[in-house]
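Heads up: the structure comes next, in structure tokens.
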Number of protein chains: 2
Amino acid sequence: MGGPAFLSKQWHVRYRAQRAAEFGAYCREQGLAVTPQRVAIIRALLSAEDHPRADQIYARVRRQHPHISLTTVYRTLEQFCEMGQARKVTLLHEGARYDGNITPHHHVLCVGCQRVFDIALPEADRLLHDRERLGEFVLLRCLVEVQVLCGQCRRKGQNSTGVRPRRQRPVQSAAQS
Amino acid sequence: MGGPAFLSKQWHVRYRAQRAAEFGAYCREQGLAVTPQRVAIIRALLSAEDHPRADQIYARVRRQHPHISLTTVYRTLEQFCEMGQARKVTLLHEGARYDGNITPHHHVLCVGCQRVFDIALPEADRLLHDRERLGEFVLLRCLVEVQVLCGQCRRKGQNSTGVRPRRQRPVQSAAQS
DNA sequence: TTACCACCTGGGAATAACTACCAACTAAAA
DNA sequence: TTTTAGTTGGTAGTTATTCCCAGGTGGTAA
Ligand SMILES: [Mn+2]
Ligand SMILES: [Mn+2]
Ligand SMILES: [Zn+2]
Ligand SMILES: [Zn+2]
């Protein structure tokens, strides 16, 4: 289904380079110091394509910064979300996942392996697009979560429809580069 | 804002009675024993109108069954979800909430007080309504989470747009009946 | 009505995922 | 450089949930 343009490898490579280049400026803009830890974390996040959890970012960053602490990773990822440099994705009821791609998009979640995929869903963006209010409520944002069974999991046959138990780690099909 | 019909008090009273009446049959159908604990929990869930967390259900059930254990509440709520008698609602990143109303509807979440409100959103239901597949993915369900600021929180002025810290308890505006 | 037992329950221990705290450190302004 | 406000690494604490298992009980077969 040749996905939308922003999902292509090409696009991702350029996007990552651009964001990395601008990172220092963004930090200064927010009055935040440009520390090696922050740089390492944003790099790990930008090069991830799998919506990693904090502990996964930790593991990856540790290859270059064996001394970094898990606390710093949690703290920094939260800061990135606050300053708009990352998105927190909290699907189902497992640990939070982080997304370095801050262009507007929605997520597809496989209830079998719990992998998260990007999806463009223009219909969804149009959903409450024009409205500022919904009765007494001021609209802030509207998130769409599509629960699916991916090809891999469908072939394995289990997972009729129900929601999976928590804390089941996703299948690690291969080591990341 | 006179919401949709299924949100009316009237509707809720009848719905609750009907569901409570059918509960025993549903259990037997699934090969589950009709224990006093299960009955108490489904009753608490059906009469709740606030999408309570497991610990809140526990507190309410304990008024009639001072001996029930928290484990049983967690376990039973999960079972209800599995057998389709309850819905698990996991917005933001706080503890799971349970919903005894299993008619299709979506949720509005106030990022200020973290209260959850029901909402009918026919546009959303139509979103992927007709499709069975999305590329390699088999569609299971599509959830829409609308993040808002409720009237109460808007008046208090805080909460520009960001996501609130976790584990902040919702305001208990009044004791429930 | 009773006996049986597969299924259930209570309570405490364990775990996962954060979060708080604080002394030591360091980016960056002066 | 010097200064210091902002940052970091450990470690302890918390919350929400799950695990474990000995003892209890609903449902049914006799
Ligand atoms: Mn994404
Ligand atoms: Mn609801
Ligand atoms: Zn899958
Ligand atoms: Zn509110």
Side-chain angles (χ1 to χ4, degrees), chain A residues 23-42 52-59 61-62 64-83 88-98 114 163-170, chain B residues 23-42 52-59 61-62 64-83 88-98 114 163-170:
Chain A
F23 180 71
Y26 272 116
C27 283
R28 264 170 249 122
E29 219 170 86
Q30 312 273 323
L32 299 176
V34 183
T35 65
Q37 289 90 338
R38 283 181 180 150
V39 172
I41 292 171
I42 195 72
R53 295 186 306 270
D55 65 286
Q56 294 174 314
I57 297 274
Y58 176 61
V61 169
R62 238 162 40 129
Q64 307 303 318
H65 292 258
H67 255 33
I68 201 170
S69 83
L70 182 56
T71 299
T72 296
V73 172
Y74 271 108
R75 182 169 41 212
T76 305
L77 288 170
E78 260 345 278
Q79 282 168 336
F80 287 173
C81 290
E82 271 163 42
M83 65 192 275
K88 193 171 187 173
V89 180
T90 59
L91 306 177
L92 280 184
H93 200 216
E94 44 162 16
R97 292 157 170 274
Y98 294 88
Q114 275 160 281
V163 168
R164 290 319 80 210
R166 283 181 72 198
R167 307 193 208 287
Q168 175 185 328
R169 288 290 185 266
Chain B
F23 181 70
Y26 272 116
C27 283
R28 263 170 251 123
E29 218 170 88
Q30 311 274 325
L32 299 177
V34 182
T35 66
Q37 290 91 337
R38 282 179 180 152
V39 172
I41 292 171
I42 196 72
R53 296 186 306 270
D55 64 289
Q56 294 173 314
I57 297 274
Y58 175 59
V61 169
R62 241 170 28 137
Q64 307 303 318
H65 292 257
H67 255 33
I68 201 170
S69 83
L70 182 54
T71 300
T72 296
V73 173
Y74 270 107
R75 184 171 37 213
T76 305
L77 287 170
E78 262 341 282
Q79 283 168 337
F80 288 173
C81 290
E82 270 163 42
M83 66 193 273
K88 193 171 186 174
V89 180
T90 60
L91 305 176
L92 280 186
H93 200 216
E94 44 161 18
R97 292 156 169 276
Y98 293 88
Q114 275 160 278
V163 168
R164 292 316 82 207
R166 285 180 70 198
R167 304 194 209 290
Q168 175 186 328
R169 286 291 184 268

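Order of the sequence lines sets the chain letters (A, B, ...), proteins ahead of strands, with each chain counted from 1.
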Residues Pro36(A) and His65(A): closest non-hydrogen pair is CB-CE1, 3.9 Å
For His65(B) and dT9(C), give me the distance from atom NE2 to atom C1', rounded to whole Å. 13 Å
With sequence neighbours excluded, residues passing side chain to side chain donor-acceptor pair (under 3.5 Å) with Arg62(A): Tyr58(A)
Sorted by number, the residues of residues 69-81 of chain A with heavy-atom contact under 4.0 Å to DNA chain C: Thr71(A), Tyr74(A)
For the CZ atom on Phe23(A), are there more than 12 heavy atoms of other groups (residues, nucleotides or ligands in this structure) within a distance under 6.0 Å? yes
Which atom pairs, donor and acceptor, lie under 3.5 Å between side-chain atoms of residues 73-81 of chain A and protein residues at least two apart or in another chain?
residue  : atom : partner  : partner atom : Å
Arg75(A) : NH2  : Thr72(A) : OG1          : 3.1
Thr76(A) : OG1  : Thr72(A) : O            : 2.6
Glu78(A) : OE2  : Lys88(A) : NZ           : 3.0
Glu78(A) : OE2  : Tyr98(A) : OH           : 2.6
Gln79(A) : OE1  : Arg38(A) : NH2          : 3.4

Rounded distance in Å - NZ (Lys88(B)) to P (dA16(D)): 13 Å
Would you mind reading off the bend of the helix from dT1(C)-dA30(D) to dA30(C)-dT1(D) from its two end axes, five pairs each, to 10 degrees? 30°
If you take all heavy atoms of Leu70(A) and Asp55(A), which pair is closest and at what distance? CD1-CA, 4.4 Å
Mind running a 4.0 Å heavy-atom check of residues 32-42 of chain B against DNA chain C and sending the residues that fall below it, in number order? Leu32(B), Ala33(B), Thr35(B), Gln37(B), Arg38(B)
Which heavy-atom pair separates Pro52(B) from Ile57(B) by the least distance, and what is that distance? CG-CD1, 3.5 Å
Whole-Å distance between dA17(C) C1' and Gln114(A) CD? 15 Å
Taking all heavy atoms of Ala96(A) and all of Thr90(A), pick out the closest pair and write down the distance. CB-CG2, 3.9 Å
Sorted by chain and number, sequence neighbours left out, side-chain contact (heavy atoms from CB on, under 4.5 Å) with Gln30(A) holds for Leu32(A), Met83(A)
Could you state the CZ-P distance from Arg28(A) to dA28(C), rounded to the nearest angstrom? 7 Å
For atom CG of Asp55(A) and atom C1' of dT19(C), their distance in whole Å: 16 Å
Ile57(B) has an atom CD1; how far is it from atom P of dT17(D), in whole Å? 12 Å
When rounded to whole Å, the CE to P distance for the pair Met83(A) and dT7(D) reads 10 Å
Check for a donor-acceptor pair, side chain of Gln56(A) on one end and backbone N or O of Arg53(A) on the other, with a separation under 3.5 Å. yes
Separation of dT7(D) P from Glu82(A) CD (nearest whole Å): 12 Å
